[in-house]
Amino acid sequence: MKVSDLEIDPRIAELLAEEGIKKLYPPQAEAIGPALEGKNVVMAIPTASGKSLVAYLAVIQSVLRKGKALYIVPLRALASEKYEDLKAFESLGIRVGVSVGDYDAPDPTLEKFDVIIATSEKADSLLRHRAHWLKELSVVVADEIHLINDPGRGPTLEVTLSKLKQINPRAQILALSATIKNSNEIAEWLNADHIASDWRPVPLKEGVFYEGEISFEDGTKKSVADCGDDVSSLVLDVVKEGGQCLIFVNTRRSTEALSGRVGMHLKDILEPTSSKELAMLSRKLQSRQDEPTSLGARLSRRIRYAAAFHHAGLTNGQRKMVEANFKSGLVKCIVATPTLAAGINLPARRVVVRDLTRYDPNYGNVPIPVMEVKQMSGRAGRPQFDTEGEAILLAKKPGDSAFIMENYLLSEPESIDSKLGQRPALRMHILSSIATGHVRTEEELKSFIESTFFAQKTDFWTISDIINDVLEFLTEEDFIEAGEGYKATFFGKRTSDLYIDPLSAVTLRKALGGKSDTAFAYLHAICATPDVPTLYLRRGDYEWVEELAANEEYLIDYDDYDDYEFFLAEVKTAALLQSWIEEESADAITKRFGVGPGDIRRWVDMAEWLMHSMTELSRIFDKSKSRTLSALMPRIRYGVKKELLDLVSFRGIGRARARSLFSHGYKTREDLKKADVKDLSRLPLIGTTIARNIKLQLGGSVTIEEEEKMGGQSILHDFQAE
DNA sequence: TGTCATCCGTTATAGACAGCATGTC
DNA sequence: CTATAACGGATGACA
């Protein structure tokens with residue numbers, strides 16, 4: 001089917017033609033009809049087979065007819081990917097905005113945008129804050145809807161869609177899914193046309209590798225030259241033919257070890273020119289302006305030989321760097337944990353799945369679901385570059401080969417299932433429903449639950465006991481009042497708005513009744529909430545954590561714990577945050593706590609969010625604590641001692657530069673006012689740009705152009721500093 | 001004596017979302 | 001009810 005035959009605005013067709021899109025893939029062709037007619041559609045087709053294009057077209061079509069769209073994605077990184085895609089249509093007068101936790105579109109009302117891209121949590125949060133434009137939506141896109149299956153985040157997506165459906169029954173819903181067994185049930189739930197297909201733009205060959213030979217699912221075989229290491233052999237094989245390779249393993253440590261090994265083999269076959277470029281890139285990485293860490297150094301060493309590793313311990317900057325250099329073709333191989341399978345689109349000619357099990361603390365190593373393996377395999381084959389993609393699963397023992405063939409290659413992905421029936425999910429979502437007034441009576445609560453995917457497969461009454469428990473809990477803890485129907489208390493409303501687990505709110509309230517007033521006590525309190533996951537206790541940790549635990553004060557005492565280990569894990573987590581605000585170097589934290597620099601960032605983010613919540617709750621329960629709490633906030637954000645707070649308020653100045661200024665005698669705003677740009681720019685970590693920036697910000701009479709230039713520069717700096 | 005290969009017991013384990021400030025028609 | 005890659009120290013082989 002040709003794009004020009006579609007009943008769409010000719011300008012859209014023109015734009016698509018510019019992008020080189022003239023024909024639709026078969027599953028797209030099948031979906032586009034109902035999608036443009038405004039019908040609900042569920043598309044279950046493999047990744048990178050053009051699901052999004054159908055959604056884009058429906059969205060644009062609707063917007064051109066004065067509609068408004070919400071595009072829900074699971075990851076912040078995907079939000080910016082979609083944003084970039086949709087921006088291509090801005091010339092049609094479509095205004096696209098992004099709204100995710102750490103970054104909101106410049107216009108806070110979001111109202112003036114025609115398309116708003118949000119994570120599912122943000123969409124939920126927008127509903128909680130009663131954003132009225134949600135009632136005006138004409139289209140809702142739910143990307144990766146199979147994530148409803150995720151026990152942690154699935155219920156949010158499910159509830160958000162259910163609420164949107166109730167608030168705004170006329171809005172068209174487009175749900176995009178990976179291939180799953182029961183996508184038809186999703187379609188049923190959403191009252192949608194169901195389109196399922198295995199079609200891929202680049203054909204995929206799947207196979208098992210064992211002892212030097214790949215056995216493909218179609219019966220063909222291919223032998224691979226052995227270089228002494230299974231995985232490296234597979235990498236060399238494809239790189240020699242000009243391809244790239246993506247390898248999935250199940251631990252972070254393995255990504256680093258394997259990428260090192262692969263690199264040792266790769267280095268012999270690299271072209272001299274790319275070898276030179278890699279050396280440059282590697283050096284550039286080491287001289288980056290952000291805090292040097294041993295992980296960064298290791299990454300830089302691996303990059304030198306065209307093999308990189310990728311996992312959630314990397315900073316965002318490092319991840320982007322790895323991804324970009326793989327896309328450009330310079331990096332030949334990435335060894336990654338599953339982060340990469342769920343994240344942005346990063347195809348390679350060959351995908352190797354080395355580990356088919358994952359560690360579970362309760363059961364040891366358990367097999368990973370077929371759906372996940374398919375998701376990883378789906379990254380094989382770059383449209384427009386490769387004629388076919390190869391997904392190769394590794395057999396380690398003689399019997400594995402047959403097992404893998406049968407249980408993975410020839411197996412259908414599993415069915416997905418709602419996880420809304422679980423207590424924590426219900427706690428959170430029942431409260432928010434009551435707090436926003438979406439649900440006011442038992443009757444309405446029932447009808448709301450019955451509108452979810454959960455209820456489609458499970459009878460309401462099977463969980464009515466849990467629901468009653470949850471309602472009782474919410475009442476007892478003073479989140480809601482049961483009178484004539486349900487009503488949220490102020491505490492309940494704040495909890496819902498702050499987007500924390502009600503259980504967290506209970507913990508924080510309790511902490512606010514405590515006597516201590518040390519930074520550590522507050523940090524521990526937030527680490528004691530279910531919203532902040534604790535660090536693992538490693539064998540060597542017990543001694544120092546116990547000692548530390550004994551010497552600190554608490555708002556929540558360890559007498560309250562059944563499980564001492566639990567408490568110690570919280571103490572360890574609080575200790576990480578403490579080290580951060582005491583300006584311990586990133587690398588030292590990395591080593592002491594066994595985390596990556598990216599993990600530090602994540603925990604700091606969570607701490608900021610929870611500390612903010614605690615500050616807000618202190619206004620209700622104990623105003624005397626508000627001062628200490630709000631003083632702690634910027635310290636957490638920037639990772640600095642009190643004395644640097646003045647300096648860190650400048651754009652472009654973080655913990656490292658602030659410390660540099662301070663230790664050279666520039667301790668306050670006043671000191672900087674008196675300082676000379678030349679002197680400043682001679683300090684370590686501070687160049688002429690930064691020095692001028694500081695002066696500019698001190699200036700007082702900053703013109704708009706200068707302000708803009710400054711903003712631009714500081715954005716540049718932020719990017720580098722990541 | 002130094003270097004490398006091999007063996008063996010020990011160790012640690014994937015991922016990542018959310019709040020808020022502020023002004024204008 | 002369920003595992004295993006990677007590391008580090010110890011030992012052994014060889015120049």
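Lettering of chains follows the sequences in order, A, B, ..., and the numbering in each one begins at 1. In what follows, every heavy atom counts, from backbone to side chain, and hydrogens, waters and symmetry copies are set aside.
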task: Examine the side chains of His429(A) and Glu158(A) and answer whether a donor and an acceptor come within less than 3.5 Å of each other.
output: no

Protein-nucleic acid N or O pairs under 3.5 Å, nucleotides 5-11 of chain B:
unit_1	atom_1	unit_2	atom_2	d
dT11(B)	OP2	Arg539(A)	NH1	2.7

Length of the NE2-P vector between His429(A) and dC17(B), whole Å: 16 Å

query: Side chains of Asp124(A) and Thr156(A): donor-acceptor distance under 3.5 Å anywhere?
result: no

query: Can you tell me if the side-chain N/O atoms of Thr119(A) get under 4.0 Å from OP1 or OP2 in dA18(B)?
result: yes

field: Short side-chain N/O contact from Arg252(A) to OP1 or OP2 of dG15(B), under 4.0 Å
entry: yes

- request: Check whether any side-chain N or O of Arg153(A) sits under 4.0 Å from OP1 or OP2 of dA18(B), and answer yes or no.
  value: no

message: Under 4.0 Å from OP1 or OP2 of dT24(B): is there any side-chain N or O of Lys112(A) that close?
response: no

- prompt: Any ion pair linking Arg252(A) and Asp599(A) (charged N to carboxylate O, less than 4.0 Å)?
  reply: yes

query: Side chains of Leu394(A) and Val353(A): closer than 4.5 Å at any heavy-atom pair?
result: no

- line: Nearest-nucleotide check on DNA chain B, Gly540(A) vs Arg76(A); residue mapping nearer the 5' end is Gly540(A)

- request: Determine the contact category for Arg128(A): base if any of its heavy atoms lies under 4.0 Å from a base atom, sugar-phosphate if only primed atoms, P, OP1 or OP2 are that close, otherwise nothing.
  value: nothing

- prompt: How is Glu608(A) classified with respect to the nucleic acid when contacts are heavy atoms under 4.0 Å: base, sugar-phosphate, or nothing?
  reply: base

field: End axis versus end axis in the helix from dT1(B)-dA15(C) to dT13(B)-dA3(C), the angle rounded to 10°, five pairs used at each terminus
entry: 0°

- prompt: Can a donor-acceptor pair be found between the side chains of Gln318(A) and Thr315(A) at a distance below 3.5 Å?
  reply: yes

query: Looking across every strand, which nucleic acid part, if any, lies under 4.0 Å from Thr337(A) by heavy atom: base, sugar-phosphate, or nothing?
result: sugar-phosphate

message: Suppose we define a pair by two distances each less than 3.5 Å, Watson-Crick or G-U wobble; what does dC17(B) pair with here?
response: none

- prompt: How many Å lie between CG on Leu394(A) and C1' on dA5(C), as a whole number?
  reply: 13 Å

- prompt: Quick check: does any side chain N or O of Thr529(A) sit under 3.5 Å from a backbone N or O of Ala525(A), one acting as donor and the other as acceptor?
  reply: no

query: Does Arg354(A) have a side-chain nitrogen or oxygen under 4.0 Å from the phosphate oxygens OP1 or OP2 of dA6(C)?
result: yes

- prompt: With a centroid cutoff of 5.5 Å and a plane-angle limit of 30°, would you call Tyr359(A) stacked on dA14(B)?
  reply: no

field: Touch class at under 4.0 angstrom, heavy-atom based, for Pro74(A) against every strand present
entry: sugar-phosphate

- request: Find the distance Arg298(A):CZ to dA6(C):P and express it as a whole number of Å.
  value: 14 Å

- prompt: Separation of Asn365(A) atom CG from dA12(B) atom P, in whole Å?
  reply: 16 Å

task: Considering just the side-chain nitrogens and oxygens of Thr251(A), establish if one lies under 4.0 Å of OP1 or OP2 belonging to dA12(B).
output: no

task: Return the nucleotide paired to dT22(B): Watson-Crick means purine N1 to pyrimidine N3 with N6-O4 or O6-N4, wobble means G-U with N1-O2 and O6-N3, both under 3.5 Å.
output: none

query: When you check the side-chain N and O atoms of Ser618(A) and Ser626(A), is any donor under 3.5 Å from an acceptor?
result: yes

Thr47(A) side chain to Gln375(A) side chain, donor-acceptor N/O pair below 3.5 angstrom: no

query: Base, sugar-phosphate, or nothing for Arg261(A), non-hydrogen atoms under 4.0 angstrom?
result: sugar-phosphate

query: Taking CG from Asp531(A) and C1' from dA18(B), how many angstroms apart are they, rounded to a whole number?
result: 8 Å

- request: Compute whether any side-chain donor of one residue and acceptor of the other, for Asp229(A) and Ser232(A), lie under 3.5 angstrom apart.
  value: yes

message: I'd like to check, for Tyr363(A), whether its ring lies over the base of dT2(C) with centroids under 5.5 Å apart and a plane angle smaller than 30°.
response: no

- request: Could you check whether His129(A) gets within reach of a base, just the sugar-phosphate, or nothing at all, counting any heavy atom under 4.0 Å?
  value: sugar-phosphate

field: Euclidean distance for P, dA14(B) against dA6(C) (whole angstrom)
entry: 13 Å

- prompt: What is the nucleic acid contact for Asp605(A), judged by heavy atoms within less than 4.0 Å: base, sugar-phosphate only, or nothing?
  reply: nothing

query: How are the rings of Tyr408(A) and Phe403(A) set to each other: parallel, tilted or perpendicular (split at 30° and 60°)?
result: perpendicular

Sugar-phosphate only, base, or nothing, as touched by Asp150(A) at under 4.0 Å among non-hydrogen atoms: base

message: Is it the case that the side chain of Ser233(A) and the backbone of Cys227(A) share a donor-acceptor pair, with hydrogens and angles ignored and the cut-off at 3.5 Å?
response: yes

- line: Ile344(A) CD1 to dG15(B) C1', in whole Å, measures 16 Å

statement: Whichever of Arg319(A) and Glu616(A) has the more 5' nearest nucleotide on DNA chain B, that residue is Arg319(A)

Touch class at under 4.0 angstrom, heavy-atom based, for Met633(A) against every strand present: base

